[in-house]
*Asks:* 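What follows is a single structure, and I will ask about it in a moment.
A note on names: the letters A, B, ... follow the listed sequences, proteins ahead of strands, and every chain is numbered from 1.
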Amino acid sequence: MIPEEIVRSPSWYESSARNRITGLLDAETFREILGPAERVMSPHLELFDLPPAFDDGVIVGRGQLDGKPVAIIAQEGQFMGGTFAEVSGAKIVGLLRAVTASAGTPDGVSAVLLLLDTGGVRLQEANAGELAVSETVRALLGVRAAGIPVVALVGGRAGAFGGGGIVTACCSHVVISEQGRISVTGPEVIETNKGAEEFDSRDRALVWRITGGRSRVLLGGADSYVKGDVASFRAAAARSRNAAPPFTLETMAAEQDRLEKRLSSYGDCRDTPEIWARAGLADPASVPDIDDDAFLALLSEREIKHDAR
Amino acid sequence: METFTIRARARAPLPGTGRQAIVGVVASGNLEILLERSETDNDVVVDVATSARGFRAVWEAVVADFVTRSSPGGVRFSIHDNGARPDTVTLRLLQGVKLLETQP
């Protein structure tokens, strides 16, 4: 039997991309575009003798959140590491462009929810994947320029790595859980290139201490920290849709300023507890160990906020 | 990868009116199944694309067992498998028909 508590509040980390969408949107409102039965699949994986997925690991569509229309994109991190590839990338870019085109019309949406769960570009179709990432960045900024916030939700198994890390950083607001990770170069890649002395990818505590949700929200790589259940992500998505900053030159200048200050304050630190100590946290070593309630209390006590985005 | 089609006859058409459903994910040791109510009467068609070669006999046994336990007449099952064990395949098949039966 599945414990009652798990049935009642499913975990974001454990859920599939489809189940995350179901839990995030108002009941029965999701309308998928290019659903599985259309069989728009990767033309490349067969050459590598690999089974494709009916949705190529990305689900896109429209629905409602608290009665207001939203567009939604969800990557399935368990299929090929949630990778950006030709078909999956085209689905993401296509939806973002459609959102921009429909801004201010009756089909306009209140926000785009981007459920990232990706290791980055799919190596079997790397050129198409790299193009997909850059086209996604451009299309995403187009959506923001049209006045529509793009909210990133990060808490899946694959995290948001490679191009996924770059795309996350371009969003209006980033929501993350303890399990969520954001970075560009993944731990294994750093270890392969620089050695285990530089970064031991098997040291899970180290990986989460550097790339994990708590570090990201403390440093401003993410804006909202949530407990790891689907309902908490839903509440944060609804809240942050209204809290997103305008996409203006002033915001960009403030963001640049914020990042420069962060680099000059902490650029020489070797690990995150050093940063927390310098930032004045009372017990820096305990940050990864306290429970979610205590961590949320720490965030609100210290009024940790990073406005520009 | 190996692809093949298994055909069977069920005792009865699958109850309910849902047209299509999808279950599972093409993760390691897992599979996805797209179910479509596209066959006539009691016909059952199972299209398999699997990363594991040489297990057709096992697939046929799993499907035969499933068709006996359930009554999935009129349904086409399209499977993308990434090395799932037979018990996982049975579980997903049963999940799939349950979903198709109960959805509006």
*Asks:* Verify the neighbour count for atom CZ of B:R56: are there more than 12 heavy atoms of other residues, nucleotides or ligands below 6.0 Å?
*Replies:*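 Enclosed: over 12 neighbouring heavy atoms sit under 6.0 Å from CZ of B:R56.
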*Asks:* Would you say CZ of A:R39 has more than 12 non-hydrogen atoms from neighbouring residues, nucleotides or ligands within 6.0 angstrom?
*Replies:*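 Yes, the 6.0 Å shell around CZ holds more than 12 heavy atoms from other groups.
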*Asks:* With a cut-off of 6.0 Å (strictly less than), are more than 12 heavy atoms of other residues, nucleotides or ligands near CD of A:E46?
*Replies:*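 Open: at most 12 neighbouring heavy atoms sit under 6.0 Å from CD of A:E46.
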*Asks:* Check this for me: B:R11, atom CZ, are more than 12 non-hydrogen atoms of other residues, nucleotides or ligands nearer than 6.0 Å?
*Replies:*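 Yes, because the 6.0 Å sphere around CZ of B:R11 holds more than 12 heavy atoms from other groups.
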*Asks:* Is it the case that more than 12 heavy atoms not belonging to B:R9 sit under 6.0 Å from its CZ atom?
*Replies:*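 Yes, enclosed.
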*Asks:* Ignoring hydrogens, what is the shortest heavy-atom contact between B:V26 and A:F79? Give both atom names and the distance.
*Replies:*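 Here B:V26 and A:F79 meet closest at O-CD1, 3.4 Å.
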*Asks:* Side chain, backbone, both or neither: which part of B:L34 has an atom under 4.5 Å from a heavy atom of chain A?
*Replies:*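 Both parts, backbone and side chain.
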*Asks:* So do A:D49 and B:R53 actually touch side chain to side chain, heavy atoms under 4.5 Å?
*Replies:*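 Touching, per the 4.5 Å side-chain cut-off.
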*Asks:* A:P36 versus B:E32: any side-chain heavy-atom pair under 4.5 Å?
*Replies:*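 Answer no - side chains too far apart.
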*Asks:* Considering residues, nucleotides and ligands other than A:F30, do more than 12 of their heavy atoms fall under 6.0 Å from its CZ?
*Replies:*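 For A:F30, atom CZ is crowded (more than 12 foreign heavy atoms under 6.0 Å).
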*Asks:* Check each atom of B:T50 against the heavy atoms of chain A and say whether the ones under 4.5 Å are side chain, backbone, both or neither.
*Replies:*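 For B:T50, neither part sits under 4.5 Å from chain A.
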*Asks:* Anything in residues 61-78 of chain A with a heavy-atom distance to chain B below 4.5 Å? Please list those residues in order.
*Replies:*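 Interface residues of residues 61-78 of chain A: A:E76, A:Q78.
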*Asks:* Of all heavy-atom pairs between B:M1 and A:P52, which one has the smallest distance, and what is that distance?
*Replies:*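 Between these two residues, the closest heavy atoms are SD-CD, 4.5 Å.
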*Asks:* What is the minimum heavy-atom distance between B:A49 and A:P51, and which atoms define it?
*Replies:*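 What the structure gives for the nearest pair is O-CB, 4.5 Å.
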